[in-house]
Number of protein chains: 2
Amino acid sequence: MDAEAAELKVLDTAERLFDERGVQAVGMDALRTASGVSLKRLYQLFPSKDVLVEAVLRRRDGAVRDALAAHGARVADGPYERALAVFDWLGSWFAEPGFRGCAFINTFGELGGVAPNVTTLARDHKEALRAYLAAQTDALGAPPALADQLALLANGAMVVAGITGSPEPAAQAKAAARVLLDAAAR
Amino acid sequence: MDAEAAELKVLDTAERLFDERGVQAVGMDALRTASGVSLKRLYQLFPSKDVLVEAVLRRRDGAVRDALAAHGARVADGPYERALAVFDWLGSWFAEPGFRGCAFINTFGELGGVAPNVTTLARDHKEALRAYLAAQTDALGAPPALADQLALLANGAMVVAGITGSPEPAAQAKAAARVLLDAAAR
DNA sequence: GCATCGGGAGAACGATCGTTCTCCCGTCCG
DNA sequence: CGGACGGGAGAACGATCGTTCTCCCGATGC
């Protein structure tokens, strides 16, 4: 296993374990066992756990932005449908087995108070979602406040879906988003 | 200091420290130092940290339900205004110094994956908020789905306000809630 | 073939965790 | 006045954490 494959395996495993159990409950030894990457290699790839946590979040941030953009690109019907499609994307995410909420919301809750870089990452990540929604509402000529409201619906859906374990909030948020969009585009 | 006062001091201190730093980052020794209650008394009041965490969350749950009901009782203008008033209440909460989000959302993020009782408590707590909103929308003759949507706005506002550190999401959510209420009561 | 080097397995280290125990002092009851 | 008792301070304990070190093996270059 070369360095690149090891790094990928570590990041994949860490992302899964952090999500399942929380960051602090996953020891480096558990990560070694689960990933099959030796402790020595682990520490030469990521010199500390903090660095690893940040790397996991950064990669996740990029993956979410890419998935959001890719999902939006498949919707050719214009910004109105693209804004609503975000909630379909949320719905398929919520329905994944083991879904336990947004990694940034969860990690912020666990570490945000003591790790400023986690707070910054969460802030940037949530701003990216808002910016994506703002791009759609701007194209509709709707006021920027609408994007903030849609972002609240999306984040609320993530939280409630995570806590209740049901994907239903995605559809509820989509219905609410449609009302807000229609009212603004009136 | 009698047992009752000690318990109160422990719960107050634990709630504050858990919120500031997360649950796992607060050791029983730090709690002893910050509360002034000896380790021996601490363990005779709460036989384990798990029990203490649950007690903190249960008390917080009751306090939130009471505050919500009390705030609503001050709004005599009927269910429409009472539903909107929830977001004013959120706004004053978000503006408190050191606000870092909802304790149930944050604790679920940290421990929900490994502590089923935390998940249950968070679920019940969020259901109580939804039920309160449903009581208002029912009185308006609005469909029950509206309460779910308002709850998504409220939870989304908590998350975004916590992560960004701004109380603004309360006002944004209130504006969105008004649109949804008006559309449903049309 | 032999020396060199990177990496794997896992022991070791110091710190800290949750929890319990020891020791000691002040207080009440006879 | 004496002794039983409750509680405070904090040491002690075993476990586990993040991190480093040791030892050994297999491949690679000359």
Side-chain angles (χ1 to χ4, degrees), chain A residues 1-58 106-107 109-118, chain B residues 1-58 106-107 109-118:
Chain A
M1 180 157 53
D2 64 339
E4 201 175 342
E7 177 167 342
L8 192 69
K9 196 94 176 70
V10 169
L11 288 173
D12 284 346
T13 308
E15 180 168 342
R16 181 173 56 83
L17 293 186
F18 289 166
D19 186 62
E20 286 174 7
R21 315 182 200 167
V23 173
Q24 312 204 61
V26 177
M28 297 299 274
D29 210 68
L31 197 55
R32 179 260 287 268
T33 303
S35 69
V37 174
S38 75
L39 231 42
K40 186 189 243 178
R41 263 245 257 209
L42 231 164
Y43 272 93
Q44 77 190 29
L45 287 167
F46 306 98
S48 77
K49 191 180 180 182
D50 287 347
V51 171
L52 172 60
V53 170
E54 185 160 331
V56 168
L57 289 180
R58 282 192 193 282
N106 290 347
T107 309
E110 180 173 358
L111 300 173
V114 287
N117 60 327
V118 170
Chain B
M1 180 155 55
D2 63 338
E4 202 175 342
E7 177 168 340
L8 192 69
K9 195 96 175 73
V10 170
L11 288 172
D12 285 346
T13 308
E15 181 169 339
R16 181 173 57 83
L17 292 186
F18 289 168
D19 185 61
E20 287 175 4
R21 314 183 200 167
V23 173
Q24 312 204 64
V26 177
M28 298 298 273
D29 211 66
L31 196 54
R32 179 259 285 272
T33 303
S35 70
V37 174
S38 76
L39 232 42
K40 187 190 244 178
R41 266 245 255 206
L42 231 164
Y43 272 93
Q44 78 189 27
L45 286 167
F46 306 98
S48 77
K49 191 180 180 181
D50 287 347
V51 172
L52 172 60
V53 170
E54 186 160 331
V56 167
L57 289 180
R58 283 193 192 283
N106 289 348
T107 309
E110 180 173 359
L111 300 173
V114 286
N117 59 329
V118 169

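Each chain gets a letter, A, B and so on, in the order its sequence line appears, and its residues count up from 1.
One interatomic measurement links the two molecules: CG of A:D50 to C1' of D:dG18, which rounds to 10 Å at whole-angstrom precision. A:Q24 places its CD atom 11 Å from the P atom of C:dG18, with the value rounded to the nearest Å. If you measure from atom NZ of B:K49 to atom P of C:dT16, you get 15 Å, rounded to the nearest angstrom. Rounded to an integer number of Å, the gap from CG of A:L31 to P of D:dG18 is 9 Å. Between B:D2 atom CG and D:dG7 atom P there is a gap of 11 Å when expressed in whole angstrom units. One can place CG of B:L52 at 15 Å from C1' of C:dC17, the figure rounded to the nearest angstrom. Whole-Å rounding puts the A:Y43 OH to C:dA9 C1' distance at 16 Å. In this structure, the CG atom of B:L45 is 14 Å from the P atom of C:dT19, given to the nearest Å.
Closest approach to the A:L39 side chain among D:dT20, C:dT19, C:dG8 is made by D:dT20 (side chain taken as heavy atoms from C-beta onward). Minimum atom distance to the side chain of B:M28 is reached by C:dG18, of the listed D:dG8, C:dG7, C:dG18. Checking D:dT19, C:dA9, D:dG8 against the side-chain heavy atoms of A:S48 singles out D:dT19 as nearest. For A:K40, taking side-chain heavy atoms from C-beta onward, the closest of the listed nucleotides D:dC17, C:dG18, C:dG8 is C:dG8.
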With salt bridge (charged side-chain N to carboxylate O under 4.0 Å, His left out) as the test, would you mind laying out the steps for A:D12 and A:K9 before giving the verdict? CA-CA 5 Å; A:D12 284 346; A:K9 196 94 176 70; over 6 Å; no
Verdict with supporting geometry, B:R32 and B:D29, salt bridge (charged side-chain N to carboxylate O under 4.0 Å, His left out)
CA-CA 5 Å; B:R32 179 259 285 272; B:D29 211 66; 3.3 Å; yes
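The two residues B:Y43 and B:S48 make their nearest non-hydrogen contact at CE2-CA, 4.2 Å.
Looking at heavy-atom distances under 4.0 Å, B:V26 makes contact with sugar-phosphate atoms alone, never a base.
Taking side-chain N and O atoms only, A:Q44 has a distance below 4.0 Å to OP1 or OP2 of C:dG7. Distances shorter than 4.0 Å separate none of the side-chain N or O atoms of A:R32 from OP1 or OP2 on C:dA9.
Residues B:R41 and B:D29 each lie close to DNA chain D; by heavy-atom proximity, the contact nearer the 5' end of the strand is made by B:R41.
Between A:L31 and A:L39, the closest side-chain pair of non-hydrogen atoms is not below 4.5 Å.
In this structure, the side chain of B:Q24 does not engage the main chain of A:Q24 through any donor-acceptor pair within 3.5 Å.
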